[in-house]
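Following: one structure in structure tokens, then a few remarks.
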Amino acid sequence: MTLGLTRAIALALLLVPALAAAGERRALAVAAASSLKPALEELARAFESERGGGAVVPTFGASGALFAQLREGAPFDLFMSADREYPRQVVLAGLGREEVVYARGWLVVWLPAGSRVDVEGKGLRALADPSVRRI
């Protein structure tokens, strides 16, 4: 679990007015890219355990599909996208307050031992090599 993800959830909880109202607790509705599922589920469990209430209710899906739901009025408190473009569009459309980078990802190329595909020399272009059968 990344510290950025923890901060994003904590920040969202501070920004949701209903959670701050005189002892009232409600669920935090989080729209999150499917790739975040393992980390967000773990973070939600830890948060709920520490807070003794105020459940985190995630909805997982493709960032574009979640953005479309936001545009149509879906009641999410936090949108955690797999890229930076959709959060920018959320803010530009007036549907969100701020874009925060909570993590960075990398593409990884795994090759079997003894492979002659030159990823180090050619980068991702090496995947066009005729010996590459699956990506």
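When reading the values below, keep in mind they use all heavy atoms of this one structure, side chains included, and skip hydrogens, waters and symmetry mates. Since the structure is predicted, the reported quantities are computational estimates derived from the model, not experimental observations.
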* Reported OG-to-CG distance for the pair S35 and D83, which is rounded to 0.5 angstrom -> 10.0 Å

* Would you say Q69 and E72 make side-chain contact, with heavy atoms under 4.5 Å? -> no

* Would you mind checking if E42 and R45 are paired as a salt bridge, meaning a charged N to carboxylate O distance below 4.0 Å? => no

* **Shared hydrophobic cluster for L92 and L95 (ILVMFWY, side-chain gaps under 4.5 Å)** => no

* To do: Please name the pair of heavy atoms, one in F76 and one in V30, separated by the smallest distance, quoted to 0.1 Å.
  => CD2-C, 4.2 Å

* Asked: Taking all non-hydrogen atoms of both residues, which atom of S81 and which atom of Y86 are closest, and how far apart?
  -> OG-CB, 3.9 Å

* Asked: Minimum heavy-atom separation for A29 to P75, with atom names?
  -> CB-O, 3.5 Å

* Measure the spacing between CD of Q89 and CG of L70 and express it to the nearest 0.5 Å. => 11.0 Å

* Asked: Hey, what do you get for CD (E99) to CZ (F79), rounding to the nearest 0.5 Å?
  -> 10.5 Å

* Heavy-atom pair with the smallest gap, counting every atom of L40 and A32 -> CD2-CB, 3.6 Å

* **Within one Ile-Leu-Val-Met-Phe-Trp-Tyr cluster: V90 and L66, side-chain cutoff 4.5 Å** => yes

* Asked: Shortest non-hydrogen contact from V57 to A27?
  -> CG2-CB, 3.6 Å

* Non-hydrogen side-chain atoms of S131 and V117 separated by less than 4.5 Å -> yes

* Structure fact -> When every non-hydrogen atom of A44 is compared with those of V56, the smallest separation belongs to CB-CB, 3.7 Å

* Within the side chain of S63, is there an N or O that forms a donor-acceptor pair under 3.5 Å with the backbone of A82? -> yes

* Structure fact -> Rounded to the nearest 0.5 angstrom, the OG1-CE distance for T59 and M80 is 13.0 Å

* To do: Indicate if V100 and V91 have the same hydrophobic cluster label, given that clusters are the connected sets of ILVMFWY residues with side-chain heavy-atom separations under 4.5 angstrom.
  => no

* With a 4.5 Å heavy-atom cut-off, do E41 and F60 have their side chains touching? -> yes

* Asked: Cluster question for you: counting only ILVMFWY and a side-chain heavy-atom cut-off of under 4.5 Å, with indirect links fine, are L78 and F67 together?
  -> no

